[in-house]
2 protein chains.
Amino acid sequence: MEKQEVPEGMFEGVISRYLPDPSEIDRKKGIARKLMDNLDSEIRKRGIKADTILVGSIARGTSLKNSDIDIFIRFSSDYSREELERHGLELGFSIFPKAVPRYAEHPYVSSILEDTKVDIVPCYRIEVNSGTISSVDRTPLHTIYMQGKLDESKIKEVVLLKLFLKRQGIYGSELRTEGFSGYVCELIILHFGSFLNFLEHISTLQGKLILDQREKRFSSPVVIVDPVDSSRNAAAAVSLDSLSILKAASRLFFSNPDEDFFNFDQVPEKKNVFPERGTHLLSMKMKRPDIVDDILYPQMKLACRKIKDFSKINELPLMNIFPYVDSESITILMEFSSPSLPAIEKRVGPPAGNQNIVAFITKHMESEDYARGPYVEEGRIVIELRRKYTQFHDIFMENMNHINFGKNLNRLKIKSIISHNQEEIKKSDAYNVFLKEERPYLSSGKNLKKK
Amino acid sequence: MEKQEVPEGMFEGVISRYLPDPSEIDRKKGIARKLMDNLDSEIRKRGIKADTILVGSIARGTSLKNSDIDIFIRFSSDYSREELERHGLELGFSIFPKAVPRYAEHPYVSSILEDTKVDIVPCYRIEVNSGTISSVDRTPLHTIYMQGKLDESKIKEVVLLKLFLKRQGIYGSELRTEGFSGYVCELIILHFGSFLNFLEHISTLQGKLILDQREKRFSSPVVIVDPVDSSRNAAAAVSLDSLSILKAASRLFFSNPDEDFFNFDQVPEKKNVFPERGTHLLSMKMKRPDIVDDILYPQMKLACRKIKDFSKINELPLMNIFPYVDSESITILMEFSSPSLPAIEKRVGPPAGNQNIVAFITKHMESEDYARGPYVEEGRIVIELRRKYTQFHDIFMENMNHINFGKNLNRLKIKSIISHNQEEIKKSDAYNVFLKEERPYLSSGKNLKKK
């Protein structure tokens with residue numbers, strides 16, 4: 001494929017569409033300043049050893065339009081975890097009395113102010129390379145580290161990279177996405193100088209993305225050592241699938257550089273998806289558990305992987321598995337290439353010279369499940385047996401207890417509704433998202449490009 | 001499994017059932033003597049440089065009841081191949097004027113005399129280790145080699161071995177059977193001393209059966225150097241499947257020593273074969289070509305292997321393939337685990353970082369077969385496409401030309417009748433033999449034991 005030149009002015013057009021106006025930034029920084037002043041006076045009033053800091057992309061100037069405001073309260077490490085959490089919530093509620101608490105590493109307070117989401121998050125005040133007490137403690141150091149490093153032109157490169165990743169569904173380090181965090185984007189631009197330099201590098205990259213080739217400590221697909229904590233890989237969240245998508249997308253971009261690679265909010269609907277798949281669907285639906293996404297999504301992925309393993313061992317012709325989450329429920333959609341299994345199965349025994357041959361043959365020939373054989377295939381004894389279940393529905397009903405869905409989902413799976421009503425499943429949101437991949441959030445369902 | 005003692009007198013009972021009476025032997029040897037006298041006088045009358053010799057199991061005393069008489073005419077190597085063949089046929093017809101010629105390495109004459117089949121076969125007279133002109137030339141040397149080596153007790157051991165192999169469908173070196181020839185059975189008894197010694201060896205054998213462990217020239221599963229031609233492996237015909245069957249059968253025998261392991265002509269019909277297999281059958285039937293079994297059967301096996309390969313590449317869920325031959329036609333029976341393929345298929349592309357990614361994605365997304373994707377699975381780009389054919393019947397009709405059935409069958413396969421009429425196939429002989437394996441002759445259909 002010929003490599004094409006990026007059309008002149010294309011990046012400027014993209015940036016002007018997504019980079020916030022200076023007035024929006026000023027307004028948000030003003031809101032943040034006021035909130036921090038209020039928090040600081042509450043801190044003084046209560047005699048707490050803490051201060052406040054604006055963090056995140058707004059603090060660093062690399063935000064897109066409509067970004068959240070993230071204010072951290074840095075507590076002295078004299079406080080216990082319990083004291084930090086209690087003071088953190090009390091301070092948050094002191095300025096947002098009606099807010100609801102949320103839960104990540106610590107509980108924190110979140111509210112909406114003038115259409116902008118504001119999070120007030122407690123952490124410990126630490127120094128560079130001093131070791132963290134909780135994982136959020138590094139966040140203020142990231143903001144301090146970036147101060148003065150990103151001039152206006154670098155900020156634009158960071159924004160281009162974020163948009164490109166967002167369009168591919170691989171922006172964000174949360175476990176739902178397993179992609180690149182904003183901070184990682186900034187480190188990448190500091191290293192490569194520009195979005196295009198980085199994309200050129202990715203488009204011919206074989207294997208892992210490791211910024212410092214001498215770095216051997218980390219086994220992740222992407223390795224970027226955190227400058228504020230050299231014991232940590234800042235890009236540890238990026239999955240192999242996310243890196244793979246980035247590689248393919250970079251080649252696609254250079255073959256046809258187009259604004260469409262950045263317009264994440266204007267993804268055209270796929271028109272030519274073929275709906276008459278001639279496959280057989282099974283859906284497993286359960287109540288959405290009351291756990292945060294960073295716990296829910298890894299369990300969904302685990303469940304899908306375990307169902308895949310189970311299907312392989314039991315010779316179920318599983319073509320696709322698709323996890324789907326909405327506000328009320330979670331669904332695991334399975335697609336099979338045949339409507340059921342035959343009534344018999346081949347049981348492949350040991351090699352013909354093995355000492356267990358007699359036991360294998362005797363056991364199965366005397367079994368009431370015996371169907372045909374024994375015979376020899378590729379040096380092994382084979383006996384055909386009747387299957388207990390031939391319907392996928394029955395097989396999963398029977399074996400649910402033997403498939404590990406993870407701690408929280410294991411409790412719910414026994415109450416899940418397993419349906420093989422094809423018409424009903426085809427009308428479900430899960431199936432329609434699967435078919436069009438409009439909301440790709442797991443490895444098996446991510447778009448590269450839509451025309 | 002405990003090893004059981006062989007019941008006293010069992011072998012004697014078996015031998016008396018299948019070893020011919022001395023009167024039968026005398027009668028057959030008398031017939032042979034008379035025929036050879038006639039042939040010898042014809043040879044003298046015509047001034048041909050040749051003599052006659054009785055070969056095969058009757059000559060060596062190791063025959064079962066109802067064995068054929070094999071008389072070889074040994075010609076001087078002064079004769080050309082054409083002269084040998086012409087003289088051989090003329091001499092045969094001089095004593096059997098109404099016989100029909102048959103074809104193996106050379107044409108020969110076969111007839112029935114007093115219920116006994118008699119073959120008159122021409123060959124060249126050669127010396128031990130002098131190299132053969134045609135492969136039948138060794139046969140007289142085998143008979144001469146065995147003279148005086150097999151006493152009455154050894155003969156009984158040879159007969160036991162032949163019966164045991166016959167019962168498992170692995171007696172005979174023809175390519176239909178790929179088993180142990182009578183001569184190989186005799187060499188085995190000379191080496192191991194008795195049937196039980198040999199079977200003990202086999203029952204714990206791992207890997208190949210090689211009589212002289214220093215022998216490294218041959219790659220076959222069974223290696224027994226021919227004492228009359230040290231460049232040749234006398235057991236070259238034995239397939240891995242045949243050796244595997246023998247290994248399993250030997251362990252089964254020691255776990256339950258029973259006359260049933262020798263009664264090849266009284267195989268009880270399997271009663272518990274389960275007929276409602278819930279599978280989907282396809283039969284491919286063609287005229288039986290006018291070629292000898294040693295050419296036909298290897299081509300049938302080749303065709304089955306190629307169909308297996310084709311099915312694997314094209315993701316057809318082939319469970320079993322069964323070749324069936326009768327006097328008029330040959331049939332290849334296929335059994336699938338699903339009735340058809342889905343309307344779509346997953347096309348797995350190169351790894352995401354590969355330079356051909358753009359071409360792969362562009363080609364398939366712009367194709368009218370496009371169905372869904374692209375997405376990433378295990379680091380590779382996957383696109384789903386519509387299948388051209390979903391019915392196995394259509395797939396084989398369309399691809400017949402791309403599957404190699406061997407020289408003779410390739411000419412016939414284009415005229416073959418491919419049927420997916422399940423009821424009709426289930427009534428066919430091919431299917432019923434497949435189901436009960438009453439006539440196992442290929443690797444996938446050999447019995448180990450029937451109760």
Side-chain angles (χ1 to χ4, degrees), chain A residues 1 204-207 240-241 243-245 247-248 251-252 255 272-274 276-280 317 319-320 337-344 346 351-353 355 357-359 361-362 365 370-377 379-381 384 386 390 435 437 440 443-449 451, chain B residues 1 204-207 240-241 243-245 247-248 251-252 255 272-274 276-280 317 319-320 337-344 346 351-353 355 357-359 361-362 365 370-377 379-381 384 386 390 435 437 440 443-449 451:
Chain A
M1 217 31 75
T204 57
L205 177 67
Q206 302 300 318
L240 176 63
D241 279 354
L243 177 62
S244 299
I245 290 167
K247 284 178 178 179
R251 285 190 185 267
L252 287 168
S255 78
N272 54 345
V273 167
F274 176 68
E276 302 301 329
R277 297 168 65 80
T279 54
H280 304 272
M319 288 186 75
N320 282 304
S337 64
S338 73
S340 60
L341 293 177
I344 53 127
K346 285 168 101 160
Q355 58 177 354
I357 274 299
V358 173
I361 292 175
T362 310
M365 287 201 74
Y370 171 79
R372 178 174 166 263
Y375 51 85
V376 168
E377 224 170 57
R380 286 176 179 269
I381 304 294
E384 292 173 7
R386 295 171 62 167
T390 62
L435 209 56
E437 299 171 283
S443 60
S444 65
K446 279 175 178 158
N447 275 306
L448 291 168
K449 199 184 168 194
K451 281 239 172 186
Chain B
M1 219 26 80
T204 57
L205 177 67
Q206 300 300 318
L240 176 63
D241 279 355
L243 176 61
S244 300
I245 289 167
K247 284 179 179 179
R251 284 190 186 269
L252 287 168
S255 78
N272 55 346
V273 167
F274 177 67
E276 302 301 328
R277 298 169 64 81
T279 54
H280 304 272
M319 287 186 75
N320 282 305
S337 63
S338 73
S340 60
L341 293 177
I344 53 128
K346 284 167 102 159
Q355 58 176 352
I357 274 299
V358 174
I361 291 175
T362 310
M365 288 202 73
Y370 171 79
R372 179 174 165 264
Y375 50 85
V376 168
E377 224 170 57
R380 285 177 179 270
I381 303 294
E384 292 172 8
R386 296 171 62 167
T390 61
L435 209 55
E437 300 170 281
S443 60
S444 65
K446 278 178 182 158
N447 274 306
L448 291 168
K449 200 184 168 192
K451 281 236 172 187

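By convention in this document, chain letters (A, B, ...) are assigned in the order of the sequence lines, proteins followed by strands, and residues within each chain are numbered from 1.
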Heaviest contributor of heavy-atom pairs below 4.5 Å to chain B, chosen from A:S338, A:A371, A:S340, A:G207, is A:A371

Can you confirm whether B:I381 sits close enough to A:K247 that some side-chain heavy atom of one is under 4.5 Å from a side-chain heavy atom of the other? no

For A:Y375 and B:N320 the tightest heavy-atom approach is OH-OD1, 3.2 Å

Using the rule given for side-chain contact (heavy atoms from CB on, under 4.5 Å), can you reason through B:I344 versus A:M319, listing the C-alpha separation, both sets of side-chain angles and the distance that settles it, and then say yes or no? CA-CA 10 Å; B:I344 53 128; A:M319 288 186 75; 3.8 Å; yes

Ranked by heavy-atom pairs below 4.5 Å to chain B, first place among A:I357, A:V273, A:L205 goes to A:V273

Closest heavy-atom contact between B:D241 and A:G379? OD1-N, 3.8 Å

Backbone of A:G353 reached by a side-chain donor or acceptor of B:R251 within 3.5 Å: yes

Tightest non-hydrogen contact, residues B:Y370 and A:F274, listed as O-CB, 4.0 Å

Sort B:E276 into side chain, backbone, both or neither according to what part of it lies under 4.5 angstrom from a heavy atom of chain A. backbone

Top residue by heavy-atom pair count (under 4.5 Å) with chain B, among A:P351, A:P342, A:A352? A:P342

Go through the atoms of A:P339 and report whether side chain, backbone, both or neither lie under 4.5 Å from a heavy atom of chain B. side chain

Results of salt bridge (charged side-chain N to carboxylate O under 4.0 Å, His left out) for A:R277 - residues two or more places apart only: A:E335, B:E384

